[in-house]
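Following: one structure in structure tokens, then a few remarks.
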Amino acid sequence: VQLQASGGGLVQAGGSLRLSCAASGRTFRSYNMGWFRQAPGKEREFVAGISWSGDSTWYADSVKGRFTISRDNAKNTVYLQMNNLKTEDTAVYYCAANSGGYYNTPPKYPYWGQGTLVTVSS
């Protein structure tokens, strides 16, 4: 599966953004999807995940209650709605796919899109 993330940009603290990740191929609905982020000088970290059906979601503690992951299998797209953004959310955001379990570590995701930059100003 090939992934293409979009929707990043510059936003003030407290604002919102919605990221999208479009997938190619008819097998999209068989993959669990995840969003990760990487800030300058830091390791890539898990943000949110969603099961292939959309019935299960899981989040990093740092974004719970502020971010929502969702998917539209008819459109081969997964979304990350980000509300009440904080300066510490500034990072390059990546979407990723895996056909296994409900993972939150990068090595468990074999498929990655290019990143989209989110910058939150104070």
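Excluded from the calculations below are hydrogen atoms, water molecules and symmetry mates; all remaining heavy atoms, backbone and side chain alike, are included.
No more than 12 heavy-atom neighbours from other residues, nucleotides or ligands sit within 6.0 angstrom of CD on Q2. Summarising the local packing, CD of E88 is surrounded by more than 12 heavy atoms from other residues, nucleotides or ligands at distances under 6.0 Å.
The shortest non-hydrogen separation linking Y109 to G34 is CE2-N, 3.7 Å. Taking both residues in full, the closest heavy atoms of T119 and L117 are given as OG1-CG, 3.7 Å, listed atom of the first, atom of the second, then distance. Minimum interatomic distance between K64 and D61 (heavy atoms only, all atoms of both residues): NZ-OD1, 3.2 Å. Taking both residues in full, the closest heavy atoms of G100 and N98 are given as N-OD1, 2.6 Å, listed atom of the first, atom of the second, then distance. What you find for S51 and W58 is that their closest heavy atoms are N-CZ3, 3.6 Å. Nearest heavy atom pair, residue N32 against residue G101, reads ND2-O, 3.2 Å.
Put simply, the side chain of S62 reaches to within 4.5 Å of the side chain of R37, judged on heavy atoms. For the pair C21 and Y94, the minimum side-chain heavy-atom distance is 4.5 Å or more. Counting only heavy atoms from C-beta outward, the side chains of S56 and I50 never approach each other to under 4.5 Å.
W112 and W35 fall into different hydrophobic clusters, where Ile, Leu, Val, Met, Phe, Trp and Tyr residues are linked whenever their side-chain heavy atoms come under 4.5 Å apart, directly or through other members. Under the 4.5 Å side-chain contact rule for hydrophobic residues, Y111 and L19 share a cluster.
A donor-acceptor pair under 3.5 Å is formed between the side chain of S53 and the backbone N or O of D55.
Aromatic rings of F67 and Y59 (six-membered ring for Trp) have centroids beyond the 6.0 Å cut-off, not under it.
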Side-chain donor-acceptor pairs of residues 3-14 under 3.5 Å, sequence neighbours excluded:
none

Using a 3.5 Å cut-off and no angle test, enumerate the donor-acceptor pairs between side-chain atoms of residues 79-87 and protein atoms at least two apart in sequence or in another chain.
| unit_1 | atom_1 | unit_2 | atom_2 | d |
| --- | --- | --- | --- | --- |
| Q81 | NE2 | N83 | OD1 | 2.9 |
| N83 | OD1 | S16 | OG | 2.9 |

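Applying the side-chain contact (heavy atoms from CB on, under 4.5 Å) test between V63 and each of T68, V47, I69 identifies V47 as the sole match. No option in Y93, F46, Y103 other than F46 meets the ring-ring contact (aromatic ring centres under 6.0 Å, His included) test with F36.
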| field | V92 and T116: CA distance, side-chain angles, deciding distance, side-chain contact (heavy atoms from CB on, under 4.5 Å) verdict | value | CA-CA 5 Å; V92 177; T116 185; over 6 Å; no
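At least one cation-pi condition fails for R71 and W52: the charged atom is not both under 6.0 angstrom from the six-membered ring centre and inside a 45 degree cone around its axis.
Taking OG1 of T77 as the start and CE of M33 as the end, the distance is 9.5 Å to the nearest 0.5 Å.
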